[in-house]
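This report concerns only the one structure given below.
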Amino acid sequence: MARTDFQPQSNSPRLWLARLCKWLKRGWPEMPGARRTPSDRDDEQQVRIALAEREAFWSELLRTVPDTLYVQDLVGGQLLYSNQNLASRLGYSEAERDADGNRFWLSISHPDEQEYISRLLNLRVGMGEGYVQRSQLRWRHRDGSWRWFAITEQAMARDEFGRVTRLVGIAREVTEQIEANQSVQASERRYRALAESLNDIIFATNSELAIDYISPSVQTVLGYSTTWAASNGLESLVMQPRQVEMFYNLIRTVRRRARDFAQVDLLRRELPVQMMHVDCRAADGRHVPIELRIMLIWNEQGRFDGILCIGRDITLQRRADEQLRMAATVFDHSTAAIVITDAEGGIIKTNEAFSHITGYGAEEVIGQLPSVLGADRQQENQLGFILNRIRQQGSWEGEFWLKRKDGETYPGWVGITGVRDQQGALTSYVCFFSDMSERKASEQRIHRLAYYDGLTQLPNRTLFQDRLYNSLQQAARQGDWVVLLFLDLDRFKPINDSLGHAAGDRMLKDVAARLAACVDEDDTVARMGGDEFTFLLATCADRDDALKRAIHAAECILQSLKMPFSLSGREFFVTASIGIALSPQDGDDLSQLMKNADTAMYHAKARGKNNFQFYQADMNARALERLELESDLRHALEQRQFVLHYQPQFLADGLTLAGVETLLRWQHPVRGLVPPGDFIPALEELGLIADVGDWILDEACRQIATWQAAGRAVPRVSVNLSARQFGDGALEQRIARTLQASGISPSCLELELTESILMQEVGEAMRMLESLKRLGLSIAVDDFGTGYSSLNYLKRFPIDVLKIDRSFVDGLPAGEQDAQITRAIIAMAHSLGMTVIAEGVETQAQLDFLREHGCDEVQGFLLGRPMPPDEVLASFERC
């Protein structure tokens with residue numbers, strides 16, 4: 001068959017139309033397969049036959065074309081040719097299609113397109129050369145459905161003015177393609193809307209692995225716009241370079257295999273879905289963990305079409321995982337036992353601490369009820385209350401007695417929580433408990449430490465005050481009387497200092513035991529600290545009963561202390577001074593009552609110790625006076641209120657001055673000159689005696705230097721040393737510095753010590769006396785005969801002078817015992833090479849007796865009273 005210019009096998013309407021126009025303009029081509037020969041060219045019949053065959057051929061060919069081909073005369077409005085009736089294809093009969101084709105097609109067109117069709121019809125006449133007019137129109141089928149047609153028209157003939165008079169067109173039904181495209185577009189819109197509504201980040205690539213879509217959720221999750229994310233890539237989003245490299249390695253693998261058809265099936269099998277975890281940095285700097293799901297996309301032909309990636313923020317999931325891990329760690333390593341039961345209470349799981357505390361293995365209790373752990377059946381009644389509490393409030397916590405596998409009971413702190421599902425139904429119970437045995441023991445130890453004395457195990461000050469407060473409150477409500485005793489041991493400090501604190505503690509424990517035995521069980525004995533104890537007796541209904549109970553308790557206490565205490569293999573005795581206060585007469589509040597009992601105790605000490613005294617109102621005045629005295633004494637030294645007076649000492653003739661004794665006086669700005677007996681004991685109790693003693697030494701040496709400078713040298717100045725001064729190991733160095741500073745001779749200074757001081761620590765006293773003697777000082781023993789001197793030690797001490805105490809001189813000469821003692825002291829001192837001086841000489845008869853029996857020196861009011869330094873100069877002249 002000869003090739004023709006018009007080829008119906010083409011699928012392009014535009015190409016169909018172009019060739020059809022060419023064919024129509026050129027005339028009918030030769031029929032394929034027809035042969036012309038010169039012999040039959042003139043035969044008209046054969047020509048007509050050939051033309052008929054060609055027309056039949058082309059007519060049949062055009063009828064087989066699925067598209068509608070038509071030629072229309074625009075001037076007459078007539079359809080010149082159509083290969084098929086389009087109206088029939090739409091279900092309309094020839095009668096329904098009237099002569100005006102344009103009106104018919106407008107009537108069945110879609111309402112939205114009628115105006116558009118009118119414009120197309122108007123544009124036909126002015127169609128340019130070579131211009132092809134294309135449109136898509138909807139016409140209504142007879143069954144009511146709408147059919148889409150693609151219309152392509154081109155000018156075929158024009159008039160002398162260039163206006164189109166005839167056109168050729170092709171109408172192809174594209175309903176299926178349009179609907180398919182619309183379905184695809186609708187699916188795309190749905191999937192895009194779905195992608196944009198999700199919180200997951202979705203991005204996809206094309207087959208060349210270039211990103212062509214990023215979901216707007218990247219803004220929600222990470223705070224970046226889609227444009228920024230697309231232009232900056234993973235390198236700017238992912239914090240870990242290693243994770244970025246892993247992703248790109250995967251991409252490179254996919255790209256390499258996707259180009260090789262032999263590797264595509266392998267790629268499809270090996271990489272169906274890939275999971276990665278990347279750590280991204282949000283725009284605000286937050287760390288956001290992302291779970292990245294990577295999927296390969298394949299088209300309908302099974303070819304690789306790109307990659308789809310879905311990134312999910314797993315912050316909450318990771319946090320939940322961490323919480324689960326922590327919960328599991330807590331469960332496994334908790335020191336408290338944890339038990340999980342089902343809704344019926346059957347045990348389903350326990351932790352290791354459970355076995356450690358109870359002794360049960362997990363397999364021994366699985367399936368059993370927790371009541372197997374209860375200590376006794378009486379507590380089973382409490383379980384009903386606990387379960388009701390859990391149902392109402394969700395949990396219960398409290399103390400519960402439990403039992404171990406070996407039967408041992410112990411207190412436990414138990415907590416039970418009900419676990420409910422989303423519908424609120426109880427699904428299980430979680431129970432934890434811990435062994436409170438050690439805690440209870442610790443609480444008891446702490447309670448004893450807080451409220452009991454660690455040495456004597458008696459109540460301490462805190463507990464005693466608490467009980468006293470409660471007793472006062474109760475007594476106030478009921479009109480009862482409260483008895484309070486305040487006790488302080490006498491002479492305990494010397495024992496504690498000499499034997500050591502360990503021995504002192506043993507004595508305090510023995511004392512506490514004796515004191516506790518003196519009262520009833522309802523009474524309270526407490527140690528307030530040191531050697532102070534207090535007693536709170538049970539309340540009494542009337543004052544007489546309270547007085548009787550107080551007296552009986554005080555007498556019993558004093559009697560119990562008469563027995564000796566054995567310490568370090570020796571026996572020691574202590575006594576007590578007791579003050580008693582009654583409420584309400586001596587105070588109705590705690591502080592006032594205790595202060596008054598304490599005042600009464602000090603009054604008992606002032607009355608000679610080893611007795612008890614009831615509080616009296618005037619005691620506070622005396623106590624206040626004592627406090628004021630102590631306060632003034634603390635400032636007396638720094639304010640230079642102390643002065644020294646000097647009492648002359650004479651030879652036995654009563655005329656020759658042998659020396660002077662320094663005596664301390666207190667020149668108070670208000671009280672005037674205070675006698676030494678009123679403040680010396682207070683100085684010792686306040687611990688100020690050592691500082692004052694050092695001042696006396698300095699002042700005496702300064703005065704000696706002053707007298708010597710005035711040409712009135714005193715043979716000897718005697719200064720008394722306190723026990724605290726003598727016990728100071730630096731006494732020798734301090735005296736040496738004082739002597740050097742004053743520039744006087746050591747022979748001018750005599751130090752007086754009582755024999756009780758020397759006998760406290762004989763060995764130490766011996767060493768101290770020898771060191772003082774090496775300085776060139778004279779040593780005198782004051783108040784000799786009143787202590788417990790041992791003659792064995794006395795003969796070894798480097799003593800120069802013995803002073804006969806005034807208690808013996810007072811009885812002279814009439815007192816026979818005083819006279820014998822005085823003569824013995826004089827004789828003994830002379831035999832040991834010591835000088836004897838008698839103090840307190842107030843009568844001529846005393847002086848005569850002492851002179852007659854060889855006493856070396858005397859002092860007393862008969863010969864001279866203590867006087868200020870200036871008056872001592874006048875006494876030099878008389879002597």
Side-chain angles (χ1 to χ4, degrees), residues 184-261 263-299 302-326:
V184 171
Q185 292 174 0
S187 296
E188 183 178 355
R189 286 195 300 272
R190 286 195 298 271
Y191 285 120
R192 185 177 294 272
L194 178 62
E196 293 176 356
S197 66
L198 294 176
N199 287 329
D200 296 343
I201 301 173
I202 301 175
F203 66 93
T205 73
N206 56 23
S207 59
E208 298 301 320
L209 300 178
I211 295 178
D212 57 8
Y213 174 76
I214 297 180
S215 64
S217 56
V218 70
Q219 177 81 35
T220 305
V221 178
L222 298 177
Y224 301 107
S225 66
T226 55
T227 304
W228 188 94
S231 61
N232 287 271
L234 289 178
E235 295 86 347
S236 300
L237 295 176
V238 180
M239 301 171 60
Q240 301 292 337
R242 178 179 55 83
Q243 296 173 346
V244 177
E245 184 63 24
M246 289 174 60
F247 178 80
Y248 284 133
N249 285 339
L250 177 62
I251 295 300
R252 284 191 287 268
T253 300
V254 171
R255 180 183 288 115
R256 185 177 64 254
R257 293 187 177 183
R259 292 173 179 172
D260 186 351
F261 291 105
Q263 297 288 326
V264 169
D265 290 339
L266 182 62
L267 184 65
R268 190 194 296 268
R269 289 194 304 270
E270 292 183 354
L271 299 173
V273 176
Q274 286 290 312
M275 298 290 293
M276 291 182 61
H277 289 84
V278 294
D279 298 306
C280 293
R281 180 184 290 108
D284 58 5
R286 291 180 298 111
H287 166 226
V288 182
I290 299 293
E291 180 186 76
L292 193 61
R293 181 185 292 268
I294 305 170
M295 294 168 285
L296 306 183
I297 304 174
W298 308 91
N299 62 15
R303 296 180 179 275
F304 174 71
D305 204 24
I307 292 178
L308 175 66
C309 298
I310 302 176
R312 173 166 296 177
D313 181 359
I314 58 172
T315 302
L316 296 179
Q317 177 183 341
R318 183 169 291 182
R319 190 176 301 161
D321 291 342
E322 291 175 357
Q323 291 176 349
L324 287 175
R325 285 194 297 271
M326 287 189 293

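The first residue in the sequence is number 1, and the count goes up from there. Atoms considered below: every heavy atom in the structure, side chains included; atoms not considered: hydrogens, waters and symmetry mates.
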Worksheet item: Between Tyr248 and Leu234, does a side chain to side chain contact (heavy atoms under 4.5 Å, CB included) hold up when you go through it step by step?
Response: CA-CA 10 Å; Tyr248 284 133; Leu234 289 178; 4.2 Å; yes
Item to complete: Under the side chain to side chain contact (heavy atoms under 4.5 Å, CB included) rule, what do Phe203 and Leu292 come out as? Steps first, then yes or no, please.
Response: CA-CA 11 Å; Phe203 66 93; Leu292 193 61; 4.2 Å; yes
Item to complete: For Met246 and Val278, run side chain to side chain contact (heavy atoms under 4.5 Å, CB included): C-alpha distance rounded to whole Å, both residues' side-chain angles, the deciding distance at 0.1 Å, then the answer.
Response: CA-CA 10 Å; Met246 289 174 60; Val278 294; over 6 Å; no
Practice prompt. Go through the steps to decide whether Leu308 and Ile202 satisfy the test side chain to side chain contact (heavy atoms under 4.5 Å, CB included), and finish with yes or no.
Written response: CA-CA 7 Å; Leu308 175 66; Ile202 301 175; 3.7 Å; yes
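A distance of 6.0 Å separates CD of Gln317 from CD of Glu291, quoted to the nearest 0.5 Å. For the atom pair OH of Tyr224 and CD1 of Ile214, the computed distance is 13.0 Å after rounding to the nearest 0.5 Å. Within the model, atoms CZ of Arg281 and CZ of Arg286 stand 12.5 Å from one another, a figure rounded to the nearest 0.5 Å.
The minimum heavy-atom distance linking Cys309 with Phe247 is given by the pair SG-CE1, 4.2 Å. For the pair Val218 and Ala229, the tightest heavy-atom approach, listed with the atom from each and the gap, is CG2-CB, 4.3 Å. Taking all atoms of both residues into account, the shortest heavy-atom contact from Thr226 to Pro216 is CG2-CA, 3.7 Å. In terms of heavy-atom proximity, Ala283 sits nearest to Gly223 at CB-O, 3.7 Å. Taking every heavy atom of both residues into account, Ala282 and Val288 meet most closely at CB-CG2, 4.0 Å. What you find for Cys280 and Leu222 is that their closest heavy atoms are CB-CD2, 4.0 Å.
Asp313 has its side chain within reach of Ile290: a pair of non-hydrogen atoms, C-beta onward, lies under 4.5 Å apart. No side-chain heavy atom of Leu237 sits less than 4.5 Å from a side-chain heavy atom of Asn232.
A donor-acceptor pair under 3.5 Å is formed between the side chain of Ser217 and the backbone N or O of Asp200. Panel note: side chain Gln243, backbone Asp279; a donor-acceptor pair is recorded below 3.5 Å.
Here the rule is side chain to side chain contact (heavy atoms under 4.5 Å, CB included) with Val254, and of Asn249, Thr205, Ile294, Ile307 only Ile307 fits it.
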